[in-house]
Protein chains: 2
Amino acid sequence: MSIKGLGADVLSRDFPEIRELPLFREIEEAHFEALMRGAYLQTFPPQVELIREGDPSDFLHIVVEGMVEMFAAWNGRETVMETVSPVAAFIVAATVRDAPYLMSARTVLRSRIVLIPSQDVRNVFAADPAFARAVVTELAERYRGVVKHTKELKLRNSLERLANYLLRLQTLTGGAEEFDLPIEKRRLAAYLGMTPENLSRGLRSLEAHGVTNDGARIVIGSAEALRKLARPTPLIDDTSL
Amino acid sequence: MSIKGLGADVLSRDFPEIRELPLFREIEEAHFEALMRGAYLQTFPPQVELIREGDPSDFLHIVVEGMVEMFAAWNGRETVMETVSPVAAFIVAATVRDAPYLMSARTVLRSRIVLIPSQDVRNVFAADPAFARAVVTELAERYRGVVKHTKELKLRNSLERLANYLLRLQTLTGGAEEFDLPIEKRRLAAYLGMTPENLSRGLRSLEAHGVTNDGARIVIGSAEALRKLARPTPLIDDTSL
DNA sequence: AGGTCGGCTTGATAATTGTCAATCAAGGGC
DNA sequence: GCCCTTGATTGACAATTATCAAGCCGACCT
């Protein structure tokens with residue numbers, strides 16, 4: 001894995017989308033540069049553990065390329081909490097609170113990650129009201145995301161979770177009838193709170209509701225029929241809410 | 001239910017702990033007064049629905065007395081997400097994001113609630129960096145709380161959840177061997193993601209691990225034995241982390 | 001092409017959790 | 001005191017979900 005420390009100009013030239021992230025868009029140029037000066041850009045192969053739950057939060061991480069999976073383990077069991085795709089920051093909460101990570105993170109694909117020292121983030125956070133407000137927005141969004149995930153886990157059974165997941169995915173792909181699962185099935189199973197075996201059986205059961213599956217390929221034969229089973233609600237399934 | 005609109009002086013005289021909330025402790029006096037001027041204090045009997053999921057967030061709520069339960073429903077099922085005890089604010093995320101509530105709230109006991117118009121909160125939030133920072137801290141804490149709850153749901157079975165809940169409760173009561181459940185069992189069951197019947201059976205099973213239960217009374221015969229079953233971890237069970 | 005590996009699928013079975021119905025117990029109102 | 005309501009408990013049973021053990025299949029390697 002190659003490690004490069006890069007100055008502000010290099011990072012923002014190569015990845016202007018970092019500056020455009022909601023988190024950084026409004027902050028003062030001087031503060032943004034201060035953050036980027038201390039930042040590193042690293043490239044990781046797949047399956048590398050970036051952070052481990054329980055460790056102190058040394059860096060705010062931003063995925064600029066690839067894919068990262070947030071996961072948690074206890075007593076020999078492991079589950080996927082979330083997958084993060086470019087361009088997005090993760091573990092913002094641990095960073096601003098200066099508290100240990102509650103989740104681990106690993107690369108799923110070869111990934112490029114920007115690492116910003118947590119102390120720098122906290123300094124700018126204290127000095128730049130615009131940044132503080134952006135962090136609030138980010139955190140509130142994340143909070144609402146986890147709340148939705150929890151509601152789904154507690155209120156729906158595994159087939160309903162799967163059906164709604166597929167409908168959300170369809171919406172994300174612009175309503176296409178056919179699309180591919182963005183992650184491996186075993187990871188999807190862990191995310192949805194079930195075993196890979198049950199995911200297989202679930203996809204099989206959905207055939208009765210017009211869903212075809214071959215490998216990563218999903219075909220929604222009748223969104224109408226699937227919706228009848230899934231009963232999606234904006235208060236769980238609307239990602240923009 | 002009686003409704004009273006109160007000026008800043010009355011509210012802060014009667015409930016100085018509001019000013020002492022982490023959320024308000026650091027903000028400018030003028031801003032605090034502006035918030036309190038528009039605030040209402042209401043007293044509600046038990047079982048009143050204060051907010052309904054999906055509604056726009058008109059008010060930030062603060063429980064100053066009593067107890068409030070946050071819950072969510074879907075497709076005829078209902079679950080408890082959290083219970084809020086004085087003095088604490090709830091639905092901060094929906095308020096600052098100006099987004100619909102994701103959870104409903106109802107009083108469990110007769111409760112006194114301070115209601116602050118969301119627009120006022122957003123105004124002060126934009127004008128007072130100290131308040132913005134406090135909101136960040138609050139939100140980060142809440143976020144981490146939901147993450148822990150989700151980890152518990154996905155990684156532990158119902159007996160393990162119950163055992164760990166009892167251990168957390170014991171810690172909250174200063175390590176006492178005997179204590180009372182703070183909420184009704186059916187609510188506890190919903191919070192822990194199980195049915196009341198299963199909670200009953202769970203408490204029964206825990207007798208084999210030294211736990212006695214009569215009504216709301218819990219006696220932990222051997223914290224050691226219970227811990228052996230529960231295997232608590234700070235990354236889920238430490239409420240101060 | 002053959003071989004190997006990892007992930008996916010399938011069937012059989014077991015464990016966990018939920019449902020339904022009945023009963024019990026405690027607290028409030030009359 | 002005595003009903004009446006509500007929540008808690010119990011047992012029998014059903015549904016859901018997990019586990020275990022093959023087997024399958026496609027990607028990748030040599």
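Proteins get letters first, then strands, A, B, ... in listed order; numbering begins at 1 in each. Bear in mind the structure is a predicted one, so any value in this text is a computation, not a measurement.
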**Sole residue of A:Glu69, A:Glu53, A:Glu49 in salt bridge (charged side-chain N to carboxylate O under 4.0 Å, His left out) with A:Arg106** = A:Glu69
**Asked** Would one find more than 12 heavy atoms of other residues, nucleotides or ligands at under 6.0 Å from atom CZ of B:Arg110?
**Response** no
**Prompt:** Would one find a side-chain N or O of B:Arg204 under 4.0 angstrom from OP1 or OP2 of D:dT10?
**Reply:** yes
**Message:** Under a 4.0 Å threshold between the charged nitrogen and the carboxylate oxygen, would A:Glu138 count as salt-bridged to A:Arg142?
**Reply:** yes
**Message:** Here's a test for you: under side-chain hydrogen bond (donor to acceptor under 3.5 Å, both in side chains), which of B:Thr173, B:Asp237, B:Asp238 qualifies with B:Arg168?
**Reply:** B:Asp237
**Asked** What is the distance from CG of A:Asn75 to P of D:dA18, rounded to the nearest Å?
**Response** 16 Å
**Request:** Verify the neighbour count for atom CZ of A:Arg231: are there more than 12 heavy atoms of other residues, nucleotides or ligands below 6.0 Å?
**Result:** no
**Prompt:** Using a cut-off of 4.0 Å on non-hydrogen atoms, how would the nucleic acid contact of A:Asn157 be classed: base, sugar-phosphate, or nothing?
**Reply:** sugar-phosphate
**Message:** I'd like to know if B:Glu152 and B:Lys148 make a salt bridge, using a cut-off of under 4.0 Å between side-chain N and carboxylate O.
**Reply:** no
**Message:** Could you check whether any side-chain heavy atom of A:Phe59 comes within less than 4.5 Å of a side-chain heavy atom of A:Gln42, counting everything from C-beta outward?
**Reply:** no
**Prompt:** When you check the phosphate oxygens OP1 and OP2 of C:dG18, does a side-chain N or O of B:Asn198 lie under 4.0 Å from one of them?
**Reply:** yes
**Message:** Rounded to whole Å, please give me the gap between CG in A:Leu199 and C1' in D:dT17.
**Reply:** 13 Å
**Request:** Using the six-membered ring wherever Trp is involved, compare the ring planes of B:His149 and B:Tyr191 and label them parallel, tilted or perpendicular (cut-offs 30° and 60°).
**Result:** parallel
**Complete:** Within residues 180-190 of chain A, those residues having any heavy atom closer than 4.0 Å to DNA chain C are A:Glu184, A:Lys185, A:Arg186
**Request:** Using whole Å, report how far CD of A:Glu160 lies from C1' of C:dG18.
**Result:** 14 Å
**Prompt:** So what does A:Asp214 touch, heavy atoms closer than 4.0 Å: a base, only the sugar-phosphate, or nothing?
**Reply:** nothing
**Asked** For atom CZ of A:Arg52, is the number of surrounding heavy atoms from other residues, nucleotides or ligands below 6.0 Å larger than 12?
**Response** no
Return the polar atom pairs (N/O with N/O) between nucleotides 20-22 of chain C and the protein under 3.5 Å, or none.
from, atom 1, to, atom 2, distance (Å)
C:dC20, N4, B:Glu197, OE2, 3.1

**Prompt:** A:Leu159 CG to C:dG18 P: how many Å, rounded?
**Reply:** 17 Å
**Prompt:** Whole-Å distance between D:dG26 C1' and A:Arg217 CZ?
**Reply:** 18 Å
**B:Gln47 CD to D:dT6 P, straight-line distance once rounded to whole Å** = 11 Å
**Request:** Return the value, rounded to whole Å, for the distance between atom CE of A:Met194 and atom C1' of C:dT9.
**Result:** 15 Å
**Message:** Without decimals, in angstroms, what is the distance between B:Leu203 CG and D:dT9 P?
**Reply:** 7 Å
**Asked** Is the phosphate of C:dT17, meaning OP1 or OP2, less than 4.0 Å from a side-chain N or O of B:Ser158?
**Response** yes
**Message:** Does a side-chain N or O of B:Asn213 approach OP1 or OP2 of D:dA8 to a distance below 4.0 Å, or not?
**Reply:** no
**A:Ser57 versus A:Thr95, side-chain donor and acceptor atoms under 3.5 Å** = no
**Request:** Name the nucleic acid region contacted by A:Thr195, choosing base, sugar-phosphate or nothing; use a 4.0 angstrom heavy-atom cut-off, strictly under.
**Result:** base
